[in-house]
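First up is the structure itself, then whatever we jot down about it.
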Amino acid sequence: MALRKTIAALLMCVFVIGSTPVRSEVVTISVAGSMTDVFKKLAGAFEQANPDITVQLNFASSGALAKQISQGAPADIFVSANTNWMDYLVEKRLVDAADIRILAHNSLVFIGGKDKKVSTLQDLAGFDRIALGSPASVPAGKYAEQAMRSVGVYASLLAANKFIMAKDVRQALMYADRGEADGAFVYRTDALLAEKAVILLAVPSSLYPRIDYPLAVTMSGRNKQAARQVFSFLNGKDALAIIESFGFVAPDAK
């Protein structure tokens, strides 16, 4: 009887151990909001090939994410929509400059209703409500500000209270798409997602710095093997094909 009970107990242990799911490693990526859709696709592709690793995504403006990380928020990898916020984390010693890679490039456009006409940025004087991400924390908004300052219209539009400051580029897109703003500055990749708004003007690239998307493993993630695996995948050919399919430009393209 005692032997039977012992065997039964051992079999139960084997059953419990065999039926307990193996916990996957979690890699947290803080990603600029303008890459929301592409990173959902990238995360899915990586997890399908690596079922033992879970990719957790955190989307917001680059400035908001960088500040979150500086305040202790968990992040193994950071993807910014400009180099300034990556440099901010380098200065905070939360990212090693040697780990930074350029993931992709983008371009700035102005969108609005099909009934609107814009030939140059000077034409914005005829608009009442212009949406853009807050330049203090949203790279797309900062690029827009720089472009408008380059042609001398930013100060007058600001003084006339014509700007609707959005928390990120996706909110600016929403304002224009819903008609809550006459137009908005967004990335070309975001404009392709609009349901009603159309591209009214491709902002000349000479008016603002090149739009880079740097990514890096953070100091907390650099010694994490799973984070290194994700980082390697993001810099590979399969990831680049997905990135380009969403309208982004390869990092080595002119």
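One-based numbering along the sequence shown. The figures that follow rest on heavy atoms only: side chains count, while hydrogens, waters and symmetry mates do not.
Using modelled atom types, one finds no donor on one side chain facing an acceptor on the other under 3.5 Å when comparing Ser80 with Tyr88. Residues Thr189 and Asn106 have side chains that bring a donor and an acceptor to within less than 3.5 angstrom of each other. Side chain to side chain, Asn58 and Gln68 meet the donor-acceptor criterion of an N or O pair below 3.5 Å.
You'll find the side chain of Asp96 reaches within 4.5 Å of the side chain of Arg222, heavy atoms only. The closest side-chain heavy-atom distance from Ile69 to Ser30 is below 4.5 Å. In this structure, Asp123 and Lys117 have side chains that are not in contact, with every pair of non-hydrogen atoms separated by 4.5 Å or more. Taking the side chain as every heavy atom from C-beta outward, Tyr143 and Arg210 never approach each other to under 4.5 Å. The shortest distance between side-chain heavy atoms of Arg101 and Pro214 does not fall below 4.5 Å. Side chains of Asp87 and Leu89 form no contact here, defined as non-hydrogen atoms less than 4.5 Å apart. Residues Ser107 and Tyr187 fail the side-chain proximity criterion, which asks for heavy atoms closer than 4.5 Å. Annotation: side chain of Leu201 is not in contact with side chain of Val109 (no heavy-atom distance under 4.5 Å).
Across Val95 and Ala216, no two heavy atoms sit closer than the pair CG1-CB, 3.7 Å. In terms of heavy atoms, Leu132 sits closest to Gly141 at CD1-O, 3.7 Å. Shown here for Ile111 and Ala197, the closest heavy-atom pair between the two residues is CD1-CB, 4.0 Å. Considering every non-hydrogen atom in both Ala75 and Thr218, the closest pair reads O-OG1, 2.5 Å. Closest approach of Ala147 and Tyr208 over heavy atoms only: CB-CD2, 4.3 Å.
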For residues 151-173, dump all side-chain donor-acceptor pairs below 3.5 Å to protein atoms at least two apart in sequence or in another chain.
from	atom 1	to	atom 2	distance (Å)
Ser156	OG	Val153	O	3.0
Lys162	NZ	Ala125	O	2.5
Lys162	NZ	Phe127	O	3.0
Asp168	OD1	Arg170	N	3.2
Asp168	OD1	Gln171	N	2.9
Arg170	NE	Asp190	OD1	2.5
Arg170	NH1	Asp37	OD2	3.0
Arg170	NH2	Asp37	OD2	2.8
Arg170	NH2	Asp190	OD1	3.4
Gln171	OE1	Lys167	N	2.7

Practice prompt. Could you walk me through whether Phe46 and Val230 pass the side chain to side chain contact (heavy atoms under 4.5 Å, CB included) test, one step at a time?
Written response: CA-CA 7 Å; Phe46 179 85; Val230 175; 3.5 Å; yes

Worksheet item: Can Arg228 and Asp99 be said to form a salt bridge (charged side-chain N to carboxylate O under 4.0 Å, His left out), step by step?
Response: CA-CA 10 Å; Arg228 282 291 179 186; Asp99 289 331; 3.5 Å; yes

Worksheet item: Hey, mind stepping through Glu145 and Phe185 against side chain to side chain contact (heavy atoms under 4.5 Å, CB included) and telling me if it holds?
Response: CA-CA 10 Å; Glu145 177 188 342; Phe185 284 96; over 6 Å; no

Discussion item. Let's go through Ile211 and His105 carefully: what are the C-alpha distance in whole Å and the side-chain angles of both, what is the deciding distance for side chain to side chain contact (heavy atoms under 4.5 Å, CB included) to 0.1 Å, and is it a yes or a no?
Written reply: CA-CA 5 Å; Ile211 300 175; His105 302 301; 5.8 Å; no

Worksheet entry | Worked check of side chain to side chain contact (heavy atoms under 4.5 Å, CB included) between Leu240 and Leu234 | CA-CA 7 Å; Leu240 179 59; Leu234 293 175; over 6 Å; no

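Checking side-chain atoms of Ser134 against main-chain N and O of Ser137 turns up no donor-acceptor pair under 3.5 Å. The main-chain N or O of Val138 is never found under 3.5 Å from a side-chain atom of Ser61 such that the two would form a donor-acceptor pair. A distance-only check finds a donor-acceptor pair linking the side chain of Asp182 to the backbone of Arg129 [under 3.5 Å]. A donor-acceptor pair under 3.5 Å is absent between the side-chain atoms of Ser62 and the main chain of Trp85, judged by distance alone.
Here the NZ-NZ distance, from Lys92 to Lys67, works out to 10.0 Å after rounding to the nearest 0.5 Å. Atom CG of Leu108 is separated from atom CZ of Phe110 by 10.0 Å, given to the nearest 0.5 angstrom. In this structure, Gln225 CD and Glu25 CD are separated by 8.0 Å, a value rounded to the nearest 0.5 Å. Residue Ile199 holds its CD1 atom at 6.0 Å from CZ of Arg188, rounded to the nearest 0.5 Å.
Salt-bridge formation is not detected for the pair Asp177/Lys196: no Lys NZ or Arg NE/NH1/NH2 atom is positioned less than 4.0 Å from an Asp or Glu carboxylate oxygen.
A continuous path of hydrophobic side-chain contacts links Ile100 to Leu94 [ILVMFWY only; heavy atoms under 4.5 Å]. At a threshold of 4.5 Å between side-chain heavy atoms, the hydrophobic network of Ile, Leu, Val, Met, Phe, Trp and Tyr places Val38 and Ile77 in one connected group. The cluster map of Ile, Leu, Val, Met, Phe, Trp and Tyr, joined by side-chain heavy atoms under 4.5 Å apart, puts Val55 and Phe246 in the same cluster. Under a hydrophobic-cluster definition in which Ile, Leu, Val, Met, Phe, Trp and Tyr are linked whenever side-chain heavy atoms come within less than 4.5 Å, directly or via other members, Leu42 and Ile53 are assigned to the same cluster. Hydrophobic clustering places Met35 together with Phe231 (ILVMFWY residues linked when any side-chain heavy atoms are closer than 4.5 Å, directly or through intermediates).
Between Phe59 and the options Val79, Ile29, Leu65, Val31, a side-chain contact (heavy atoms from CB on, under 4.5 Å) holds for only Val31.
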